[in-house]
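Okay, structure first, notes after.
The analysis underlying the following values was restricted to heavy atoms, covering all of them including side chains, and did not include hydrogens, waters or symmetry mates. The chains referred to below are lettered A, B, ... by the order of the sequence lines, with proteins before strands, and numbering in each begins at 1.
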Amino acid sequence: MIPQSLQANPVLERWISFPSPGKVRVAFGKVEYGQGVMTALAQIVADELDVAMERLDVVNAASGDVPDEGLTVGSMSIEMSGAAVRAAAAEVRALFLAEAAARFGCSADVLNILDGEFVRSGVSTGLGYWTLASAIDLKRAPEGKARWKTPDRHRIVGKSQPRSDLPVKIFGGGFIQDIPLKDVTHARVLRQPGYKAQIATLDEAAIRKAARGDIDIVREGAFIAFLSKSERAVSLAVAAAEQHVTWNEARVGVPALSEPVALKTLPATPWEGGAPPPEPSNRRKHKASYGRPYIAHGSMGPSHGIARFEGETLKVWTHAQGVYPIRGMLARITGLPPEKIQVEHTQGPGCYGHNGADDATCDAAAIAMRRPGQTIRVQWRREDEFGYEPLGTAMHIELSGEIDSSGRLVDFSSEIWSGPHVSRGTALVEAALAPGTPPPPPMIIPFFSGGRLNATPSYDIAATRIKENVVTPPMRTSSLRGLGGPVNTYACECFIDEMAGIAGTDPLAYRLAMTSDPRAVAVLEHIGVLSGWSTRSAGGSGEGLGLAYCRHRDRGAYIAVAVSLVVEKEIRLQRMWCVTDCGLVINPDGAKNQIEGGMIMAASWTLKEQVRLGGSGIASTAWDDYPILRFNEVPPIDVELIDQRNSAPLGAGEISLGPTMAAIANAVAHALGVRIRDLPYTRERIARQLLSN
Amino acid sequence: MPKIKLIVNGREREFEADERETLLDVLRNRLGMTGSRFGCGAEQCGSCSVLIDGEDKPSCAIEVGTLKGKSILTVEGLGTPEKPHPLQSAFLEKQAGQCGYCLSGILVCAKALLDRNPSPSRTEIAEALSWHLCRCGAHNRILDAVALAASRMQVPA
Ligand code: FES
Ligand code: FES
């Protein structure tokens, strides 16, 4: 079978070619943002072709140059793109070997490849990819017949490989912000406070004076941008503009709506699925509700976009999560045909989903169209990123369950209130240019909703049902690492611990008793060993040990996390452990880096993070208002990967968040002897909880 | 515009700038040194930090006019791909970073730490770095890399 991504881009040469001696050109439709995808995909190709990693030239993602693989999201790169490049490379290899075999009049099976040179019975044949390249036309569709290597023959896949994108960043370069541009025009945008807002007054004279330098002002509808050759002038201008503008119909941030439970008061579209309602019974029942507030992506660098319109062509540099989807948006916004838009991906700071990157790109393009011949560089301010990026939505989750006489959970229901987890495809500049245009309503896709990922616990439970209420939230929300999955896992795995408590069973034993999947059992047993579970105290002493488990999206990686911590005035994490089985791992060190990074981000969400609504939208617009976990709060972490090289690779980028959140929660409950269910677990919340007991 | 003199990475640099321009803007836009990065502009994240007379300081809000005659060290002054600083080698060896956006500031901060305390404990490294934010969660690798560099720099070459 030909993998989907390869079917969609069915020309081998688009993926792999041999344009110059000793080099292999490889092109992927995925983009790098620090997750190491380029390195992992290159490993797959190098291994399948049997060439050294150094021979690979990975093409930078630019429209036209690379296959269209949509967005780089959802831990799917290795599963999807990896399958495509492996199949393409296997085909290329087979074509070349067949050609060589034909020339020698032998079977292709007797030929081997050593770093691109073809070898027969240990002796070089003088042929190789580069000597044969002119004889083989790779402008052809894949046939899907070539077999790829079995894992026992892997030499590069499965071995840790340093990431190719890292060195340049350690010596001061590598990001979109760092592209040297001649005669650049710096731009800042004064954001429209909500899609309805219209400019009432704008004192341009006062702003020009405050800028203390030449500035150009782009004003159209509710879109306002300041341009100058001096970055300082535009910084001063936009800061002054905040004081010299008044808006009609500006949005209002209602502080009370910052709380997840407030989602229940907003209009919603429901979806229901699963088992019919439970028959009345006298089984023991338990109900509990959990909440996670709105979360900021919090990229370390605010979004950035560069664009230049000249002649009939728009050239754009972007750190969006794919070059083709943004090209579609740009075509709509500029009115240009897509083939007149060149989009080049350049790395940005980690985004963890849909942050301001698309918007900043569209800002730059819209300005460039109005100022032909100028290279426009839009830099968002920190307050723009916090105040206007799409948020990770708040979620409120109500769970109920019934246990049978043996204590086993046999009936489980979840009702979820959540804003949309995916709302891509429109940009802030569009609303600003045509104020009053409402954003599109939340997309309801019956078979997929980010809010329902991992909505049921990953165990054998006789009856489960889900009701999801997709709420139109007060602020724009869109994808944040893991979508609703981590939040559902948090709720479910807290609930499982609570059920174990009701059943009077140890939480680890309780989980083991409810799973028949040997791969699940393996990670659970191993996390028990790593964390010293057997010596866990009775609890209530202020020291806690907790664990959690899930199967990512019910069909992906198996992952268990344990956390030990101390609760004093606030929570101090002492150690975290993780065991995962994510099938065949391409780059073990890269996977561990992602898993550990996810654990730290999850700890930060759990202990600290909440976007506050207020003022004209979002009130927490600086790091001081939005604390995240710091170096002196991060505990040592052990990550172990279970060797499953004979199983298909399963993405690892977002698998660790949910189990980490729940393991912390379960450890806190163990330490305190009482359960806190609403995130984040701040000092104030702990104090309140302890007082109310 | 007045002429301003600074010592940047050991070299005297003279340039025209408004005295109220931030050091970060001067480094990036006037001197073409992109290592120091804009993260918040409010001295709250550390992405922009440089050493000013050996001390780890944010460059995003400090006005260049206040720095006359001072000595500035940026990540570019630490080392080059051909001649990396032991910290840079250790960061690569430990693969200490994901997106890498935070690393320039962290590297120079670590340099300042090792200059005053050549064999810091994990806690001391974490305390020194604690005002630097990293959203990717590369903290432990960074702590390990700093410790590794420290141990290597102890051994006389
Ligand atoms: S950019 Fe200077 S501290 Fe954040
Ligand atoms: S590595 Fe991305 S912010 Fe630190």
- Separation of His297(A) NE2 from Arg135(B) CZ (nearest 0.5 Å): 9.0 Å

- Say whether Gln98(B) and Gln35(A), considering side chains only, have a donor N or O and an acceptor N or O under 3.5 Å apart. no

- Query: Out of Gln379(A), Met599(A), Arg381(A), which one racks up the most heavy-atom pairs below 4.5 Å with chain B?
  - Reply: Gln379(A)

- Message: So for Ser604(A), is it side chain, backbone, both, or neither that comes closer than 4.5 Å to the heavy atoms of chain B?
- Response: side chain

- Non-hydrogen atoms of chain B under 4.5 Å away: do they reach the side chain of Ala233(A), the backbone, both or neither? neither

- Where on Ser47(B) is there a heavy atom nearer than 4.5 Å to chain A: the side chain, the backbone, both, or neither? side chain

- Glu82(B) side, atom CD; Phe171(A) side, atom CZ - distance, nearest 0.5 Å: 8.0 Å

- Message: Out of Asp25(B), Leu103(B), Thr22(B), return the one with the most heavy atom pairs under 4.5 angstrom to chain A.
- Response: Asp25(B)

- Query: Do Gln44(B) and Asp624(A) have side-chain N/O donor and acceptor atoms under 3.5 Å apart?
  - Reply: yes

- Note on the structure: Looking only at heavy atoms, the pair that brings Gly100(B) and Phe175(A) closest together is C-CZ, 3.7 Å

- Query: Taking all non-hydrogen atoms of both residues, which atom of Gln161(A) and which atom of Gln95(B) are closest, and how far apart?
  - Reply: O-OE1, 4.5 Å

- Item | Leu133(B) and Leu629(A), any side-chain heavy atoms less than 4.5 Å apart | no

- So with a 6.0 Å cut-off around NZ of Lys169(A), is the heavy-atom count from everything else above 12? yes

- Query: What's the shortest heavy-atom distance between Gly172(A) and Ser104(B), and which atoms?
  - Reply: CA-OG, 4.5 Å

- How long is the span from the CD atom in Glu127(B) to the CZ atom in Arg630(A), to the nearest 0.5 Å? 11.0 Å

- Can you check whether Tyr33(A) reaches Cys99(B) side chain to side chain, under 4.5 Å on heavy atoms? no

- Task: Go through the atoms of Lys229(A) and report whether side chain, backbone, both or neither lie under 4.5 Å from a heavy atom of chain B.
- Result: neither

- Note on the structure: Turns out that what part of Leu87(B) lies under 4.5 Å from chain A's heavy atoms comes down to neither

- Item | Part of Asp144(B) within contact of chain A (heavy atom distance under 4.5 Å) | neither

- Nearest 0.5 Å please: distance from the CZ atom of Arg28(B) over to the CD atom of Gln177(A). 6.5 Å

- Heavy-atom count around Asp115(B) CG within 6.0 Å, excluding the residue itself: above 12? yes

- For Asn632(A) and Thr123(B), what are the C-alpha separation, side-chain angles and deciding distance, and is it a side-chain contact (heavy atoms from CB on, under 4.5 Å)? CA-CA 7 Å; Asn632(A) 52 359; Thr123(B) 312; over 6 Å; no

- Message: Among Glu609(A), Glu32(A), Gln347(A), which residue has the highest count of heavy-atom pairs closer than 4.5 Å to chain B?
- Response: Glu609(A)

- Below 4.5 Å from any heavy atom of chain A, which atoms of Asn29(B) appear? Answer side chain, backbone, both or neither. side chain

- So, the part of Glu633(A) with a heavy atom under 4.5 Å from chain B: the answer is neither

- Note on the structure: Distance col, row Asn593(A):CG vs Arg141(B):CZ, nearest 0.5 angstrom, shows 3.5 Å

- Query: By a 4.5 Å heavy-atom criterion (distance strictly below it), what part of Ala128(B) contacts chain A: side chain, backbone, both, or neither?
  - Reply: neither

- Query: Cys136(B) and Tyr352(A): side-chain contact (heavy atoms from CB on, under 4.5 Å), yes or no, with the steps?
  - Reply: CA-CA 9 Å; Cys136(B) 293; Tyr352(A) 330 104; 2.9 Å; yes

- Task: Answer yes or no: is there a donor N or O on one side and an acceptor on the other, between the side chain of Arg382(A) and the main chain of Gly39(B), under 3.5 Å?
- Result: yes

- Report yes if the side chains of Leu92(B) and Pro162(A) come closer than 4.5 Å at any heavy-atom pair, otherwise no. no

- Side-chain contact test, heavy atoms from C-beta onward, threshold under 4.5 Å: evaluate it for Cys134(B) versus Met300(A) and give yes or no. no

- Taken to the nearest 0.5 Å, the spacing of Phe631(A) CZ from Arg122(B) CZ works out to 10.0 Å

- Message: Tell me whether Arg232(A) is salt-bridged to Glu19(B), with the criterion being a basic N under 4.0 Å from an acidic carboxylate O.
- Response: no

- Under a 4.5 Å heavy-atom cut-off, does chain A meet the side chain of Leu107(B), its backbone, both or neither? side chain

- Query: Do other residues, nucleotides or ligands put more than 12 heavy atoms under 6.0 Å from Lys70(B) NZ?
  - Reply: no

- Applying a strict 4.5 Å limit to non-hydrogen atoms, the region of Ile125(B) in contact with chain A is neither

- I would like to know whether Asn140(B) and Ile600(A) meet side-chain contact (heavy atoms from CB on, under 4.5 Å); could you show each step before the answer? CA-CA 10 Å; Asn140(B) 281 318; Ile600(A) 292 173; 4.3 Å; yes

- Message: Show the nearest heavy-atom pair for residues Val75(B) and Ile170(A), with the distance to one decimal.
- Response: CG2-O, 3.7 Å

- Message: Tell me which of these, Ser160(A), Pro180(A), Pro302(A), Gly213(A), has more heavy-atom pairs under 4.5 Å with chain B than the rest.
- Response: Pro302(A)

